[in-house]
Amino acid sequence: MLPEATRYLKATVSLFSPNVFLNASKLSAHGAPSSLQTRRNLRVSHCFAARVPPQKKPREKVEIPGLEMVTYGDRMHYVPGLAKPVYPPWEMSFKDPRYYRSPPAQEMALYKDKPCYVFNQRTSILEGVRQAAWLTKTHVRPGLLPHLVSLAAKPENQLPDQDEHVQNAIKHSRFWDTTEPRPRKEKYSNTLLLNLLHLCATLQPTHPAVGRRILAENYSLAATWKRGEDLFQIRGRNGLLHCSMDPLPRICGEQEVLETSDQVLESFYPVSPTIDLQQVSVYKEEMNCTGFRGEYPYPHAHTLYFLETSDPNCQLRPEQFRAKMIMFTFGNALARAHKLYGTQPQSLLERPITVQAVGTNGRIFQFLVFQLNTTDLSGDDGIKNQAWLDEDVELYDFAKVRPFIKRKEVKVPAGLAGYKPETFSKFLALYLHGAA
Amino acid sequence: MALSCLTRALRSLTLSQPALLSSQTPVVQLKLGTLVASTVSQCRGFLTTASLKHNRAYLKQLDKYTIRPIGIKKSGGRDHTGKIRTRGIGGGHKQKHRWVDFQRLRYEPNKEGQPFEEKVVEVRYDPCRSADIALLAGGNRKRWIVATEKMQAGDIIKTSGVIGRMAVSANEGDAYPLGALPVGTLVNNLEIQPGRGSKYIRAAGTSGVLLRKVNGTAIVQLPSKQQVQVLETCIVTVGRVSNIDHNKRIIGKAGRNRWLGIRPSSGLWKRKGGWAGRKIKPLPPMKSYVNLPSISAN
């Protein structure tokens with residue numbers, strides 16, 4: 001409100017001269033305040049209409065150096081013909097945090113000439129997964145590795161009555177969790193995720209390593225890296241994190257890691273890879289923070305859980321959602337690597353850092369496993385990081401509160417329809433990875 | 001700070017002289033007046049206004065380009081005094097304004113002077129004009145432009161400001177200076193002064209024809225068959241503007257016109273004067289937007 005208001009505000013000084021009051025004829029019948037020449041400075045603008053009057057350009061003020069302007073400042077009242085006095089802007093003599101104006105960007109202490117490109121949780125990048133892969137120097141492969149998926153096929157890694165429990169969890173989140181006819185999307189996706197996590201956690205008696213993990217929410221992540229000549233940063237809060245005391249084992253053998261150096265990253269000319277990233281000139285270099293302080297007992301990030309936000313300004317399409325998953329998983333892994341091995345770029349980490357991610361919108365799941373092999377991201381060649389992305393895995397087809405009827409035929413019945421058990425087994429496999 | 005301004009202003013209003021009877025003497029008023037004057041602080045006027053967000057004039061004051069659609073307020077044909085200045089405008093579906101970049105040759109901040117390419121991300125309907133608009137992404141920025149006939153998502157479009165010795169065989173949708181194009185190409189989005197942005201040939205399905213190139217200037221025929229002489233460094237886009245069947249559409253019913261914001265004309269029969277009827281007259285002389293020193297000697 002203030003910038004627009006100040007643009008239209010014209011400083012008119014109201015007159016309260018005592019000479020005016022002597023004139024008795026100015027009295028009106030009802031003795032209204034206007035009779036005493038009090039000038040109200042209320043002005044209702046025409047902004048209630050779509051067109052405003054054409055703006056009159058104010059008279060040009062000519063500054064002649066050396067010529068002293070005679071102002072009415074000494075006389076303490078307006079005198080026609082004299083110039084308006086110009087005073088230096090008033091500043092408070094003490095520091096009050098309520099009235100602090102931040103200096104412009106150029107005068108800030110952390111200002112740098114070279115801009116930094118920041119990816120935050122509201123960024124929606126144009127090229128999606130390809131751009132995220134280029135930024136993180138990753139080779140993305142479709143589908144999860146078979147030895148991970150087979151982890152959940154073993155009978156000791158399964159819940160008793162697994163399907164029934166999962167279907168109950170879905171029904172709870174989609175139908176029973178509200179007093180309204182239907183719960184909203186952000187509510188049911190959140191409830192579903194927490195229910196599934198709860199189901200997985202019931203395996204703790206048989207898998208004691210599950211007890212060495214904890215969930216954390218709303219932690220602030222920061223990671224910095226250089227790519228080519230540009231500096232990139234990931235900042236923000238991505239959501240739910242499952243962190244553990246033990247790191248995840250490496251997924252990919254050394255031989256395949258060395259083979260990634262032969263693969264070429266996809267380029268998407270003419271679009272630059274820095275498109276849609278926020279450019280900042282005031283930033284801290286070498287900002288790396290896992291989100292927790294040094295003595296946190298669960299330092300290793302195990303799995304990140306992403307939900308779709310309800311903010312209308314940053315609605316992410318599925319491609320952009322997957323890109324956000326890749327970027328934040330990479331950010332967590334990189335922050336951990338910087339802490340373990342220092343901020344100097346290393347072309348091959350002897351123990352690659354593995355982080356997993358699961359993203360969902362309440363029905364469709366995206367699974368991601370990311371392995372950080374190198375922190376030397378400046379060039380396009382050399383060893384690359386690896387990611388395995390399982391896209392658009394449905395947990396169920398429909399969960400309708402009211403049946404979908406077309407031309408008096410029930411096309412989709414009410415209730416849960418089309419449940420797919422493989423999705424939960426993948427979810428469980430990612431959960432138990434590193435514990436079983 | 002806004003609150004303190006407001007409270008100061010309101011205080012100056014409330015402390016003004018209360019309603020006085022006419023029988024009171026001026027002397028008493030003087031005393032009251034001086035008393036009040038000393039306590040009331042000087043206050044500059046303040047503006048009671050609604051938010052300026054949806055104002056048509058707000059669009060002209062924005063300086064940072066954005067691809068986000070901006071809400072606009074309908075004027076109903078009324079001007080700033082509130083009276084109707086243009087009849088037949090009012091109502092219609094709500095529209096959001098997408099800021100189209102008409103200056104096609106706009107370089108990015110650090111890459112002046114080189115021809116560049118951009119990728120078409122999507123081509124979509126624009127409620128504010130008859131043509132479709134295309135979202136171009138190139139380098140670090142995205143912008144809207146008027147789409148040409150066969151533009152589709154995924155195309156690569158070239159923009160260049162270089163005039164070579166030989167004419168360029170231009171693809172549809174590319175933008176070149178007039179001097180670089182072969183004579184006879186169909187062009188649209190014509191600039192009449194280089195760097196000012198295109199003002200002509202922007203409607204759906206229109207195209208101009210490059211007629212000839214004369215030492216440093218080029219002559220283009222506009223869709224109204226009027227010929228225009230402009231400098232050869234003016235940038236044009238090659239091809240016809242999109243939505244070519246726009247003039248063949250049938251409105252069908254009065255309601256569709258109302259959805260477009262066109263109010264019915266007055267049904268009163270009025271005698272038509274000399275302005276009405278078909279006129280057959282020679283083409284107006286060629287309009288030149290070039291200051292040639294030899295011609296303007298008179």
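Values below: all heavy atoms of this structure, side chains included; hydrogens, waters and symmetry mates excluded. Residue numbers begin at 1 in each chain, while the letters A, B, ... track the order of the sequences.
- Looking at every heavy atom in both residues, B:Glu117 comes nearest to A:Pro270 through O-CB, 3.2 Å.
- Sequence neighbours left out, the pairs with a member in residues 269-280 of chain A that pass salt bridge (charged side-chain N to carboxylate O under 4.0 Å, His left out) are A:Asp276-B:Lys142.
- Annotation: side chain of A:Val271 is not in contact with side chain of B:Glu118 (no heavy-atom distance under 4.5 Å).
- For the atom pair B:Asn140 CG and A:Ile275 CD1, the distance stands at 6.5 Å (nearest 0.5 Å).
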Please set out all donor-acceptor pairs under 3.5 angstrom arising from side-chain atoms of residues 150-157 of chain B, sequence neighbours excluded.
unit_1: B:Asp155; atom_1: OD2; unit_2: B:Gln152; atom_2: N; d: 2.8

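- Every residue meeting the ring pair (Phe, Tyr, Trp, His ring centres under 6.0 Å) condition with A:Tyr117, not counting sequence neighbours, appears here in chain and number order: A:Phe232.
- Residues B:Lys119 and A:Glu127 form a side-chain contact, since some pair of their non-hydrogen atoms from C-beta on lies under 4.5 Å apart.
- Around NZ of B:Lys83, the count of heavy atoms belonging to other residues, nucleotides or ligands within 6.0 Å does not exceed 12.
- When all heavy atoms of A:Leu126 and B:Ala137 are compared, the closest pair comes out as CD2-CB, 3.5 Å.
- For A:Met69, the CE atom is loosely surrounded, since the number of other residues' heavy atoms within 6.0 Å does not exceed 12.
- Within residues 86-114 of chain B, no residue has any heavy atom closer than 4.5 Å to a heavy atom of chain A.
- At a 4.5 Å heavy-atom cutoff, the contact between B:Arg141 and chain A is made by backbone atoms alone.
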